[in-house]
Structure formats: C-alpha cells, structure tokens
Participant: 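Okay, handing you the structure first.
Model, not experiment: these values are computed from the prediction.
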2 protein chains.
Amino acid sequence: MPFGKGRCWRFRRTQAREALIKLLSRTKGHLSAEEIFWELKKVLPGVGLATVYRTLDLLTEIGLIKRYDFKDGKARYEFIHNDNAEHYHLICKNCGKIIDYEVTLEEDPLKDFKNSIQKKFNFKIESSDLQFYGLCENCQKLEK
Amino acid sequence: MPFGKGRCWRFRRTQAREALIKLLSRTKGHLSAEEIFWELKKVLPGVGLATVYRTLDLLTEIGLIKRYDFKDGKARYEFIHNDNAEHYHLICKNCGKIIDYEVTLEEDPLKDFKNSIQKKFNFKIESSDLQFYGLCENCQKLEK
DNA sequence: TTATTATTGATAATAATTCTCATTTTCATT
DNA sequence: AATGAAAATGAGAATTATTATCAATAATAA
Ligand SMILES: [Mn+2]
Ligand SMILES: [Mn+2]
Ligand SMILES: [Zn+2]
Ligand SMILES: [Zn+2]
C-alpha cells in the first residue's frame with residue numbers, strides 16, 4: 001500500500017523505509033524519533049537511529065507523514081491518512097493527552113481565515129500549524 | 001512601566017529582569033535567547049546566558065512575554081503589548097520573513113472555532129498556537 | 001552477475017537548553 | 001545604615017535531540 005509493486009518512487013525501496021512506513025501507517029498516536037526507533041528495532045533489529053531520522057525527514061518532505069511540535073522538546077510524527085483533510089491537535093497541559101481533530105478541507109474552520117490572509121498580505125499559504133493547549137475533560141475535574 | 005515603583009511582584013526586582021523586560025518591550029521582532037543575551041550585554045555586561053534563559057522562562061510563565069517556535073531550531077520571544085489580542089504569524093519558508101497579524105479577541109477569526117472545540121471535546125483552551133508557512137509576496141515573484 | 005551509487009549503521013559532532021554550585025543581590029527587619 | 005535569610009546570579013559543566021561523517025552494505029539498472 002505505501003508504495004505498491006514495481007518502480008514507483010524516485011528513491012530506493014529499502015527495508016528501513018518500508019518498515020518505517022508500515023509502522024507509522026498502522027500507528028495511532030504521535031511517536032518521537034526515538035520511540036519509532038525502538039519500535040522499528042522489533043522488526044528490523046539492525047536499524048540505526050540515524051536512519052530513522054533520515055527516513056523521517058524524507059517521508060516528511062514527500063508528504064507521507066507530518067512532523068509536529070507539541071512543546072515537549074522532541075519532534076513527533078504522524079502518518080497522513082487523509083490527504084484531503086486538515087488535522088488539528090488539542091494538547092492537555094496537565095496530563096499530556098493529545099486529541100486529534102480532523103476535518104475535510106471543505107469544512108475546514110480556518111478556510112475563510114486562510115483566504116483572507118492570502119489576500120490581505122499577498123501571502124501564499126503552503127501549510128499551517130495549529131495547536132490548542134489547555135485542559136482535557138478529566139484534568140478539569142481534578143482541578144477542583 | 002514594566003513593573004512600577006514599590007512592591008508589586010512576588011519576585012525580586014533584579015537588574016537582569018528589569019533590563020530584559022525593558023529590552024523586549026522596546027524590541028520589534030522575534031529574538032532568540034542568544035540574541036537577547038548579546039543585546040542585554042550591551043547594557044549589563046556581566047549578565048550570564050543562564051540568567052537570560054531563566055528570566056525568559058519566568059516572564060513567559062507570568063505572561064509578560066510569549067515564546068514561539070518558528071521551526072528554525074531555537075525558541076523566539078516577543079513582548080505581549082496587548083493583552084486583549086490574539087497574535088498570529090505568517091512565516092516565509094524561502095526568506096524567513098515573519099509577518100505579524102494581531103487582532104482583538106472580539107474579532108478573532110478563530111473565536112467560533114475555539115468555542116466549538118470547547119463544547120465538542122469539553123476541552124478548556126488556555127492558549128493557542130497558530131502559524132502559517134508559505135511564500136511572502138516577494139518570494140512568490142522570485143519563484144518565476 | 002556486475003557495476004554504480006544511494007543508503008545504511010556506528011559513532012562523533014553540534015547546538016539549544018538545563019543544571020550545579022559557590023558567590024552575590026535583594027529586601028524585610030532591625 | 002547595618003544585618004541576615006533567601007532568592008538570584010554567573011561560569012561552566014551536563015544534557016539531549018538532532019546532524020554530520022565515513023567506511024561498509026544493499027538496491028537497482030544494465
Ligand atoms: Mn494527530
Ligand atoms: Mn510576532
Ligand atoms: Zn489532561
Ligand atoms: Zn520571503
């Protein structure tokens with residue numbers, strides 16, 4: 001599924017790349033490079049951390065995955081399952097829980113805002129990055 | 001202005017803190033910790049980098065300044081001049097130019113979106129973080 | 001199969017940030 | 001103004017995520 005059969009990429013189809021794509025495409029959640037490294041080792045024991053970083057860069061560049069910064073000091077990665085959607089995050093400052101919120105491009109709540117910006121500043125938006133920080137349902141209760 | 005006269009803080013009024021607040025409150029732009037360090041040295045030659053980091057953390061916590069991540073590997077800081085506004089950024093991927101876009105809370109384009117999230121996920125938003133990446137006016141021309 | 005060359009793993013290097021600790025400042029109290 | 005307790009500081013070491021280096025290996029086209 002990730003890359004089918006036969007030649008279809010401008011890059012070599014290596015074990016590390018295939019295993020990493022498979023891993024991330026099946027992962028729910030937002031893993032760091034090192035977490036991915038240890039998971040990958042289970043199926044490809046000889047893999048090196050540098051290769052993980054390199055592959056993550058590559059997959060990010062070609063748009064198969066996305067890199068996020070949730071302000072915990074390390075980058076986190078997520079497979080892009082739906083190319084036609086925007087993907088936002090709610091991050092609980094208390095317990096670290098991350099809630100995904102995905103919407104189709106058509107019903108993107110930021111659509112109008114983005115359009116107005118493109119006009120107002122003559123700025124061509126290529127990607128946007130939105131996180132909400134706060135308290136999840138559970139942690140709100142514990143606050144009392 | 002930063003802190004008036006007399007006791008008004010739960011922290012000590014030190015030279016470093018006063019100088020750093022003054023510096024940031026007069027700075028247009030988004031300086032990194034090290035840039036702030038060198039600027040600060042001009043007026044307080046003995047200051048240490050660790051103190052700059054510590055003070056930036058403190059001022060961020062108490063809400064006098066805000067820390068941003070523009071994906072260039074270092075945190076950047078900005079004085080909060082208007083407490084009643086949202087402050088967004090457009091970042092040019094080509095030349096690095098950063099455009100500020102500030103709106104009052106009332107006319108915040110994300111207001112409805114935020115409200116819907118608070119309801120839908122029962123998530124209490126404390127802060128939000130939105131950046132747009134793309135091409136500024138100039139760099140769009142150069143692309144051709 | 002072979003030649004070419006991209007990719008890899010190990011490890012050293014980098015760089016932003018944090019930590020440690022002895023010394024200095026601040027500030028409430030004399 | 002002098003004192004003392006605690007907070008804050010500066011210097012530099014330590015930490016940690018990420019990059020760079022380079023000889024060895026694996027993927028591809030011929
Ligand atoms: Mn997600
Ligand atoms: Mn700004
Ligand atoms: Zn929570
Ligand atoms: Zn530009």
Participant: Check for me whether the distance between the ring centres of B:His30 and B:Tyr77 falls short of 6.0 Å.
Facilitator: no

Participant: Rounded off to whole Å, could you give me the CD-to-P distance for the B:Glu18 and D:dA8 pair?
Facilitator: 14 Å

Participant: Assess the side chains of A:Asp129 and A:Tyr88: does a donor N or O sit below 3.5 Å from an acceptor N or O?
Facilitator: no

Participant: Measure the distance from CG on B:Leu59 to P on D:dA8 and round it to the nearest whole Å.
Facilitator: 12 Å

Participant: Suppose we call two aromatic rings close when their centres sit under 6.0 Å apart. Are B:Phe132 and B:His89 close by that rule?
Facilitator: no

Participant: Describe, as an angle rounded to 10 degrees, how the axis at the first end of the helix from C:dT1-D:dA30 to C:dT30-D:dA1 is tilted relative to the axis at the last end, five pairs per end.
Facilitator: 40°

Participant: Ignoring hydrogens and geometry, is there a side-chain-to-backbone donor-acceptor pair from A:Ser25 to A:Ile21 under 3.5 Å?
Facilitator: yes

Participant: Just the table, please: protein N/O against nucleotides 22-26 of chain C N/O, every pair under 3.5 Å.
Facilitator:
| unit_1 | atom_1 | unit_2 | atom_2 | d |
| --- | --- | --- | --- | --- |
| C:dT26 | O2 | B:Arg12 | NH1 | 2.7 |
| C:dT26 | O2 | B:Arg12 | NH2 | 3.3 |

Participant: Grab the CZ-P distance between B:Phe37 and D:dT9 for me, whole Å please.
Facilitator: 14 Å

Participant: To the nearest angstrom, how far is A:Leu40 atom CG from C:dT8 atom P?
Facilitator: 11 Å

Participant: In whole angstrom, give the distance that lies between atom CG of B:Leu56 and atom C1' of C:dA16.
Facilitator: 13 Å

Participant: Hey, what's the ring geometry for A:His87 with A:Tyr68, parallel, tilted or perpendicular (30° and 60° as the breaks)?
Facilitator: tilted

Participant: Expressed as a whole number of angstroms, how long is the span from B:Leu58:CG to D:dA8:C1'?
Facilitator: 11 Å

Participant: From CZ of B:Phe11 over to P of C:dC27, roughly how many Å is that when rounded to an integer?
Facilitator: 13 Å

Participant: Could you work out, with ring pair (Phe, Tyr, Trp, His ring centres under 6.0 Å) as the rule, every residue matching A:Phe37, not counting sequence neighbours?
Facilitator: none

Participant: In a table with atom names and distances, give each donor-acceptor pair under 3.5 Å that connects a side chain of residues 116-125 of chain A to protein atoms at least two apart or in another chain.
Facilitator:
| unit_1 | atom_1 | unit_2 | atom_2 | d |
| --- | --- | --- | --- | --- |
| A:Ser116 | OG | A:Phe113 | O | 2.8 |
| A:Gln118 | OE1 | A:Ile125 | N | 3.3 |

Participant: Using only atom types and a distance under 3.5 Å, with no angle test, would you say the side chain of A:Thr51 pairs donor to acceptor with the backbone of A:Val47?
Facilitator: no

Participant: Can the positive tip of B:Lys71 be found less than 6.0 Å from the middle of the six-membered ring of B:Tyr133, inside 45° of the ring normal?
Facilitator: yes

Participant: Kindly say whether B:Glu106 contributes a backbone atom to a donor-acceptor pair with the side chain of B:Lys111 at under 3.5 angstrom?
Facilitator: yes

Participant: Output the rounded distance in Å from CG (B:Asp69) to P (C:dA15).
Facilitator: 18 Å

Participant: Give the B/S/- string for nucleotides 14-23 of chain D, one per nucleotide from 5' to 3', where a protein heavy atom under 4.0 Å of the base yields B, of only the sugar-phosphate yields S, and otherwise -.
Facilitator: ---SBBBB--

Participant: Please list all pairs meeting salt bridge (charged side-chain N to carboxylate O under 4.0 Å, His left out) that have one or both residues in residues 74-92 of chain A, counting only residues at least two apart or in different chains.
Facilitator: A:Glu35-A:Arg76, A:Asp72-A:Arg76, A:Glu86-A:Lys114

